[in-house]
Amino acid sequence: MDVSTIINPLNDAQREAVSAPDRPILVLAGAGSGKTRVLVHRIAWQIQVMGLSPHNILAVTFTNKAAKEMRSRVEALLNIPTQAMWIGTFHGLAHRLLRRHARQANLPETFQVMDSSDQLRLIKRLLAGLSLDEAQWPPKQIQWYINGQKDEGVRAKHLPEGGDMFQRQMRVIYLAYEELCERSGLIDFAELLLRVHELLRDNPEVLAFYQLRFLQVHVDEFQDTNTIQYAWLRLLTTGRDNLFVVGDDDQSIYGWRGARIENIYNFQKHFPSHQLIKLEQNYRSTGNILSAANHIIANNDGRLGKQLWTDAGQGDLISLYAAFNEQDEAYFVVERIRSWISEGGLRNDIAILYRSNAQSRQFEERLMTTGVPYRVYGGLRFFDRAEIKNALAYLRLMSNRHDDASFERVVNVPTRGIGLKTVDDIRLVAREHGVSLWTAAVEMIGHNRLSGRARNALAGFLNLVEHLSALSVDLALFEKVKVVVELSGLLELYKNDKLERGEEKLENLEELVNAARLFDYAESGEDNLSELDMFLAHAALEAGDAQADEFDDCVQLMTLHSAKGLEFKLVFLVGMEEGLFPSMQSLDDPKRLEEERRLCYVGITRARRQLYLCYSESRKLYGRESYPRPSRFLREIPAETIQEVRLRAQISHSPAAVKANPAAALSESKFKLGQRVSHEKFGEGVVLQIEGDGSQEKVQINFKDAGLKWLMLAYAKLELL
DNA sequence: TTGTTCCAGCTTTTT
DNA sequence: GCTGGAACAA
């Protein structure tokens with residue numbers, strides 16, 4: 001193959017990035033500018049032109065999906081096998097490293113990964129053990145605290161001993177948490193990253209080995225890295241010019257879960273010899289859409305700075321729709337969707353994007369009643385489902401009896417007469433002796449420390465696990481899973497589940513057996529670990545898709561966050577209201593507001609051809625009617641790229657109002673939507689709509705007693721409240 | 001042990 | 001105003 005296949009499909013900036021000589025490289029890749037393409041071609045360049053072996057390539061992403069896509073595209077471009085390349089997520093790679101160096105990382109060989117819900121349960125148990133009140137010490141907050149510390153590389157022992165009550169208590173909890181994890185052989189997601197950092201930092205020979213192996217290190221979505229991830233990237237590339245990162249500071253939307261946008265800014269400081277390359281040509285959207293995106297993001301401070309452009313023309317205007325309420329919003333959107341479809345458009349090309357999941361309901365209902373197929377992203381993933389987690393808990397216990405989290409999970413599922421009291425007793429003994437629940441249970445049965453019935457029930461459970469374990473020793477993985485599902489009683493339990501979901505759960509359990517059958521042990525690349533353990537790790541690290549039917553042609557509903565990286569011909573960005581988007585919690589914090597703005601930028605740049613922005617003049621929020629103001633982001637979009645859509649009966653528009661920037665009209669009146677006013681005759685009310693300018697200005701007011709009224713401002717005596 | 005009632009909480013999500 | 005989880009009663 002010659003170099004032209006790698007280089008020819010690229011534009012100048014892309015080519016510069018792909019063929020750049022060895023030095024730290026930061027590619028600032030705007031939305032739709034071909035960032036994955038650059039990464040893939042860069043890897044190909046390293047192998048094809050620079051003569052590196054695939055063995056010497058490391059490429060890190062955040063999601064399994066991105067990793068898979070990168071691998072398959074490299075494979076397609078180079079037409080060589082890619083197993084030797086380390087392409088994976090930060091967590092996946094961390095897992096692999098820890099498996100290989102378990103001893104050096106001070107981990108038991110059979111350690112297992114727990115996901116966030118496992119972690120939360122563990123914390124709840126811990127609190128109970130410490131006799132702490134959950135109301136006073138919310139488990140979620142503790143989880144957030146511990147993960148936050150780990151993301152910054154801080155262990156419990158590093159925390160100062162003094163401090164206020166909160167700090168002292170958190171330290172105690174964090175210490176106890178680490179101890180419990182260690183005893184159970186469990187590590188959480190943040191721990192995966194932290195351990196790898198410590199492994200590389202404290203074992204020079206290990207670090208040297210990987211520095212020599214990974215001659216080129218590629219990072220996707222660099223703006224989403226947290227402190228510890230960046231720290232290990234720097235360790236791996238110390239003293240070499242082999243770090244190639246791709247990212248977009250304008251698309252950093254995960255600050256709230258530890259991502260440090262500063263990393264992308266500090267890159268230039270940390271690597272003075274770096275080269276910065278900007279990809280600004282956009283191959284996705286129309287000129288109008290890009291103009292809106294550029295103008296919005298320009299309101300953020302401290303950007304590295306980037307202007308997207310396209311040679312594809314202006315395209316259609318962006319449509320702005322002011323709905324009366326959220327039903328009206330859904331009605332409007334679905335009507336537009338129906339006409340798109342009736343004109344021959346694909347449903348797959350349509351997305352409804354919202355800030356918070358709760359907003360999906362209106363749209364779902366409307367789509368349902370009109371019979372338009374749709375798919376909601378988010379929600380429970382396959383391996384997150386209770387029935388699946390139960391089955392996995394049995395499997396985990398078979399692999400490691402001391403996995404307390406799994407023990408607690410299924411000791412009485414299905415119910416076998418082991419009540420809270422018994423479990424409490426076991427916990428107590430376990431804590432007293434500093435042993436696992438399993439060991440404590442065995443001891444208690446041996447020493448007759450339980451009442452007859454509880455004793456039998458508990459012995460039954462222990463025997464069941466031993467029995468399952470013995471029975472499945474020589475079976476293939478999927479047969480093991482099958483045995484567990486059938487003999488644990490789970491199958492029976494869900495069969496008798498009359499609450500309609502039972503059938504679905506049975507199907508899921510069958511699907512689990514199937515997943516085990518399809519699980520490719522060889523692909524996991526480890527041979528020092530049992531297939532079962534690898535499968536369990538796989539289940540934790542890759543939660544699976546929420547739905548299987550992605551091949552159907554249906555409208556896509558998702559949050560703005562989950563839309564990142566995707567594109568659609570027709571996009572509806574709904575709920576553009578202050579307090580919703582930007583969200584209430586972000587309104588008083590400039591940093592968070594900027595992140596919301598980036599989220600808006602992400603949303604807008606998902607659209608390829610047509611973009612609809614919607615806001616509602618009234619919306620039910622927590623059961624109460626609210627009258628939010630239109631989102632500030634609407635005002636940041638240039639007027640000439642927008643057209644206002646009105647479906648409702650027209651109130652005679654004054655010429656001034658028609659000509660005026662529809663977005664500007666939202667802001668220039670002395671009244672704001674939602675403003676509370678008082679009228680001498682009608683009493684108190686709330687402003688719902690504003691139309692016209694100057695002497696023509698009129699407002700629609702919803703009066704408490706008198707109902708809806710249109711009033712000319714020039715005549716009506718209104719007082720602001 | 002199960003079914004019911006009660007009550008807090010309520011952005012975003014991957015690993 | 002709805003939901004999920006925890007506390008409570010039978």
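Letters A, B, ... are given to chains in the order of the sequence lines, protein chains preceding strands, and every chain is numbered from 1.
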Pair A:Glu134 + A:Lys124, salt bridge at N-O below 4.0 Å = no
N/O (side chain, A:Asn147) to phosphate O (OP1/OP2, B:dT15) under 4.0 Å | no
When rounded to whole Å, the CG to C1' distance for the pair A:Asp133 and C:dA6 reads 12 Å
The nucleotide from C:dG5, B:dT15, C:dG1 with an atom nearest the side chain of A:Lys124 is C:dG5
Is there a side-chain polar atom (N or O) of A:Asn357 under 4.0 Å from OP1 or OP2 of B:dT12?
-> yes
Nearest-neighbour nucleotide for the A:Asn412 side chain, B:dT1, B:dT11, B:dT13 considered = B:dT1
In whole angstroms, the gap separating C1' of B:dT12 from CH2 of A:Trp256 amounts to 4 Å
Is the shortest side-chain N to carboxylate O distance from A:Glu578 to A:Arg632 below 4.0 Å?
-> yes
Is the phosphate of B:dT12, meaning OP1 or OP2, less than 4.0 Å from a side-chain N or O of A:Arg592?
-> no
Closest of B:dT11, B:dT12, B:dT15 to the A:Ser586 side chain is B:dT11
A:Asp224 near the nucleic acid: base, sugar-phosphate alone, or nothing, with a heavy-atom cut-off under 4.0 Å?
-> nothing
Upstream residue (5' side of DNA chain B) when A:Ile418 and A:His91 are each assigned their closest nucleotide = A:Ile418
Establish whether the base of B:dT13 is bridged to the side chain of A:Ser116 by a donor-acceptor pair shorter than 3.5 Å.
-> no
Nucleotide nearest A:Lys620 when distance is taken to its side chain, options C:dG1, B:dT12, B:dT2 = C:dG1
Which nucleotide in the set B:dT11, B:dT13, B:dT1 lies at the smallest distance from any side-chain heavy atom of A:Gln585?
-> B:dT11
Measure from the ring center of A:His561 to the ring center of A:Tyr254 and say whether it is less than 6.0 Å.
-> yes
In whole angstrom, give me the gap between the C1' atoms of B:dT12 and C:dG5.
-> 22 Å
Between C:dG4 and B:dT11 - P atom distance, rounded Å | 15 Å
Separation of A:Glu326 atom CD from C:dG1 atom C1', in whole Å?
-> 12 Å
Heavy atom of residues 593-604 of chain A under 4.0 Å from DNA chain B: which residues?
-> A:Glu596
Sub-3.5 Å donor-acceptor pair from the side chain of A:Arg416 to the main-chain atoms of A:Val411, do we have one?
-> yes
Before accepting this row, confirm whether a basic side-chain N of the pair A:Lys150/A:Glu191 lies closer than 4.0 Å to the acidic partner's carboxylate O.
-> yes
Would a line drawn from the ring center of A:Phe461 to the ring center of A:Phe407 be shorter than 6.0 Å?
-> yes
Using heavy atoms to find the nearest nucleotide of DNA chain B for A:Ser562 and A:Pro138 separately, return the residue whose nucleotide is more 5′.
-> A:Pro138
Per the glycosidic torsion and the 90° limit around 0, nucleotide B:dT11 is syn
Just checking A:Ser583: base, sugar-phosphate only, or nothing, at a heavy-atom cut-off of under 4.0 Å?
-> base
Is A:Arg260 salt-bridged to A:Glu262, cutoff N-O under 4.0 Å?
-> yes
So does A:Tyr622 get a side-chain nitrogen or oxygen closer than 4.0 Å to the phosphate oxygens (OP1/OP2) of B:dT11?
-> yes
Is any side-chain nitrogen or oxygen of A:Ser356 closer than 4.0 Å to OP1 or OP2 of B:dC10?
-> no
Can the ring centroids of A:His197 and A:Tyr230 be said to lie less than 6.0 angstrom from one another?
-> no
Whether A:His538 and A:Phe519 hold their rings parallel, tilted or perpendicular, with breakpoints at 30° and 60° = tilted
Measure the distance from CZ on A:Arg257 to C1' on B:dT15 and round it to the nearest whole Å.
-> 8 Å
Counting heavy atoms from C-beta on, name the nucleotide in C:dC2, B:dT11, B:dT14 closest to the side chain of A:Arg361.
-> C:dC2
Answer yes or no: does a side-chain N or O of A:Asn64 lie under 4.0 Å from OP1 or OP2 of B:dT14?
-> no
